[in-house]
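Values below: all heavy atoms of this structure, side chains included; hydrogens, waters and symmetry mates excluded.
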Amino acid sequence: MKKTIALLTSSLLLSACASFQQSGDKANAQAAPDQKSASAKAANNRKKAAKARVQPQEDALPAVELSEDILYKVLTAEIAFQRGQWQSAYVTILSAAQQTRDPRLAKRAAEMAVIARQPSEALVAVRLWTELAPHSDEALQNYLGLIMLSDSVDEIEPLLTQRLADAAPQARGPMILQIQRLLVRAKDKQASFAILQKITQPYGDLMETHLALAQGAFSVGDSEYAQREARAALKIKPDSELAVLTAAQVASDNKDATKLVSDFLRKYPDSREVRIAYARSLVEQKNYKEARVQFEALLKEDGEDATTLFALGVLSAQTNQLKDAEDYLQRYLKVLAAQPEDDRDPSQALLLLSRIAEERKDMDAALRYLDQAEPGTDGYVNVQVRRAQLLARKSDIDGARKALEDAQSESSNDGEQLQLIQAESMLLRDANRQQEAADVLKDALERFPNNTDLLYDYAMVLDKLGKYDQMETSLRRVMKLAPGNQQAYNALGYSLADRNVRLPEALELIQKASDMAPDDAFIADSLGWVLFRLGRADQAETQLRRAYTLRADVEIGVHLGEVLWSRGKQDEARAVWREVTQKDPENEVLKSTLTRLNVKL
């Protein structure tokens with residue numbers, strides 16, 4: 001079960017700083033997508049905050065009658081735009097906006113320019129829109145978005161200054177955070193940060209000012225400034241979740257960040273967002289035991305939170321508490337089933353449950369879990385590959401192939417097709433049905449002739465079949481298509497060395513692979529093996545010892561043992577062979593080597 005932690009990467013190992021994207025403190029923030037089932041307490045807080053939130057000021061529309069002339073301009077412009085004549089449509093609508101002073105027409109002109117991919121014209125229209133609707137958040141965001149694409153953001157400073165001055169006191173803090181998130185998108189980060197510093201200068205008593213400056217400083221690499229501003233925010237509001245999360249984000253190292261968050265939780269144990277961030281950071285640090293404690297605390301607050309249940313399922317599996325893992329993951333699936341509007345893919349949970357069932361030797365249950373996956377979900381292909389692997393372990397190779405072929409017929413995605421083809425060829429290779437594997441790959445190469453993964457796999461099968469000329473042709477094509485593919489050079493070099501032919505060329509190929517990937521254990525093994533074939537046993541031993549240190553693989557150990565044996569170090573050779581025999585007593589290379597050398601362990 002050691003590999004199951006990989007399942008965390010897409011659903012659990014989110015940055016502890018995810019909460020930093022909120023527009024205000026917890027009370028003013030919307031729940032993140034993976035926290036839809038937050039506790040009743042948090043939900044009530046959000047409802048209260050929504051009622052208390054200051055409504056944005058509305059901009060009055062101009063008192064202009066919809067005359068025949070204006071109506072004619074608008075209609076002709078829309079017809080022209082639908083016919084692909086964006087320029088005349090844009091000019092007409094913009095002219096009407098200038099004539100009527102109606103921000104809706106300026107907005108429409110901007111939309112036309114954006115659809116036509118004309119950023120300069122869009123910016124002209126958005127400037128007018130912002131002038132006509134100075135309190136419109138939508139206009140401001142579009143204006144800022146377009147300015148961020150330009151070489152200078154200076155022109156936005158007066159508008160932002162005025163917006164903050166006109167804002168109600170209760171709305172000013174959230175507005176500052178919103179402005180910071182928009183400014184950080186600018187190409188010129190330093191210039192946008194300078195603007196942020198200027199426009200927020202009058203509002204140093206607001207916590208949000210210091211949070212925005214901390215985030216801005218962090219974005220331009222000024223950690224000391226960021227940490228100072230984050231501390232200032234916490235001083236103003238010590239119980240702010242957003243402030244402590246920002247302070248943790250900009251902290252000098254993980255140790256300081258962890259201490260900030262853990263100290264905060266001791267003072268304010270009901271801070272859900274901070275506890276979530278803390279739990280995630282513990283996972284990133286591989287402190288699974290303490291992470292589980294934090295997620296269990298979250299589950300007590302909300303027993304049906306899907307993210308928490310999934311996290312506990314994965315963490316329990318990682319720590320080999322398989323019964324708990326199964327319980328948590330089954331509860332997770334029930335929560336998803338009760339929330340059909342939730343677009344989460346249950347495939348990862350089903351895969352993990354299948355592995356747990358296999359661990360207890362219940363192959364039928366392992367397959368039943370996989371039966372619950374639905375076509376069209378992101379993880380469906382992975383589930384079918386897993387199903388095929390289980391069927392193959394039950395010696396049902398034909399059933400395994402059918403599962404993969406059915407999945408291919410349901411998918412139109414080339415990447416998924418390739419994944420399924422490679423899975424089928426691997427099943428056949430593992431079952432020693434090499435010719436059938438070669439046939440599958442050959443057919444696939446007719447569809448994807450330049451796919452280097454398929455070409456490499458095909459070469460490996462051809463090598464097993466003894467079709468060395470075809471194998472070399474396939475690997476040479478990989479080298480041509482992907483000159484940086486070290487595995488192709490290594491594979492050809494090793495094949496030559498293992499057959500004891502063209503050894504100088506084999507050495508050259510493997511050395512090139514080693515130059516590309518000096519710490520690859522298998523390439524180091526190949527280098528040691530070709531040196532042994534060339535009669536350079538002392539160098540071979542050095543290389544193979546290094547390879548075996550990098551990775552104690554069975555076949556590397558077999559090669560090391562043979563070199564040691566040839567150099568009169570029989571006791572040490574036997575010790576290495578005994579070690580690898582415990583790992584894989586049926587390994588063909590091991591068995592053939594011991595037979596050839598007439599060695600009894």
Side-chain angles (χ1 to χ4, degrees), residues 21 23 30 33 56 58-59 61-62 64 66 69-163 175 177-196 199 215-216 219-220 343 378 412-416 450:
Q21 299 303 315
S23 62
Q30 293 182 342
E58 296 288 340
D59 293 295
L61 294 173
V64 178
L66 183 61
D69 177 59
I70 295 172
L71 181 61
Y72 177 76
K73 285 182 177 179
V74 171
L75 289 176
T76 55
E78 290 294 345
I79 292 170
F81 188 70
Q82 291 194 17
R83 290 176 176 173
Q85 300 167 359
W86 77 267
Q87 194 166 21
S88 62
Y90 166 82
V91 170
T92 302
I93 288 289
L94 187 63
S95 173
Q98 292 166 334
Q99 176 187 345
T100 63
R101 311 299 289 172
D102 191 322
R104 294 170 298 184
L105 293 177
K107 175 183 176 181
R108 181 55 183 153
E111 289 172 346
M112 288 178 171
V114 169
I115 292 170
R117 298 184 180 180
Q118 302 295 324
S120 297
E121 284 76 6
L123 183 55
V124 170
V126 169
R127 282 195 186 104
L128 178 60
W129 179 16
T130 306
E131 176 188 336
L132 300 178
H135 299 99
S136 167
D137 285 339
E138 186 182 7
L140 176 63
Q141 289 183 31
N142 279 277
Y143 188 17
L144 282 169
L146 288 165
I147 285 291
M148 297 308 110
L149 300 174
S150 68
D151 292 327
S152 174
V153 293
D154 293 343
E155 71 173 77
I156 202 71
E157 184 184 329
L159 176 62
L160 294 178
T161 300
Q162 192 61 48
R163 286 294 300 273
M175 185 182 292
L177 291 172
Q178 182 185 51
I179 288 170
Q180 186 276 321
R181 289 199 305 278
L182 291 168
L183 284 172
V184 80
R185 301 175 191 169
K187 288 194 295 183
D188 189 339
K189 304 291 185 188
Q190 292 289 351
S192 68
F193 181 50
I195 290 173
L196 181 67
I199 66 174
Q215 290 286 339
S219 72
V220 297
D343 58 359
D378 290 341
S412 58
N413 180 289
D414 283 353
E416 292 179 348
N450 294 326

Partners of [X] by side-chain contact (heavy atoms from CB on, under 4.5 Å), sequence neighbours excluded?
X	answer
A77	A89, T92, I93
L71	L66, L75
D378	D345

Side-chain heavy atoms of [X] within contact of [Y], under 4.5 Å:
X	Y	answer
Q162	P134	no
M112	Q118	no
W86	I115	no
R101	L128	yes
D69	Q99	yes

Q) At their closest point, which heavy atom of P62 faces which heavy atom of P103, and how far apart are they? A)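 Heavy-atom minimum between the residues: CD-CD, 4.1 Å.
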Q | Residue pair A80 / S88: nearest heavy atoms and the distance that separates them | A |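 Heavy atoms of A80 and S88 come nearest at CB-OG, 3.8 Å.
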Q | Of L160, L182, L183, the residue whose pairing with L196 passes side chain to side chain contact (heavy atoms under 4.5 Å, CB included) | A |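 Of the listed residues L160, L182, L183, the side chain to side chain contact (heavy atoms under 4.5 Å, CB included) partner of L196 is L183.
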**Q.** Audit row: R163, D137, side chain to side chain contact (heavy atoms under 4.5 Å, CB included) steps and yes/no
**A.** CA-CA 10 Å; R163 286 294 300 273; D137 285 339; 2.8 Å; yes
**Q.** Pair listing, side chain to side chain donor-acceptor pair (under 3.5 Å) test, anchored in residues 103-115, at least two apart
**A.**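 Matches after skipping sequence neighbours: E78-R108, D102-R104, K107-E138, R108-E111.
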Q. Side chain to side chain contact (heavy atoms under 4.5 Å, CB included) between Y143 and L123: does it pass, once the steps are laid out?
A. CA-CA 7 Å; Y143 188 17; L123 183 55; 3.8 Å; yes
Q. Looking at residues at least two apart in the chain, or sitting in another chain, which of them share a ring-ring contact (aromatic ring centres under 6.0 Å, His included) with F193?
A.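 Expected list: Y225.
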Q.
Once side-chain hydrogen bond (donor to acceptor under 3.5 Å, both in side chains) is applied, do any residues pair with Y90, and if so which ones, sequence neighbours excluded?
A.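 With sequence neighbours excluded, Y90 shows a side-chain hydrogen bond (donor to acceptor under 3.5 Å, both in side chains) to no residue whatsoever.
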Q: For the pair Q178 and Q141, evaluate side chain to side chain contact (heavy atoms under 4.5 Å, CB included) and give the outcome as yes or no after the intermediate values.
A: CA-CA 9 Å; Q178 182 185 51; Q141 289 183 31; 3.1 Å; yes
Q) Just by distance, do the side chain of T130 and the backbone of V126 share a donor-acceptor pair under 3.5 Å? A)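 Side chain of T130 to backbone of V126, a donor-acceptor pair under 3.5 Å: yes, one is there.
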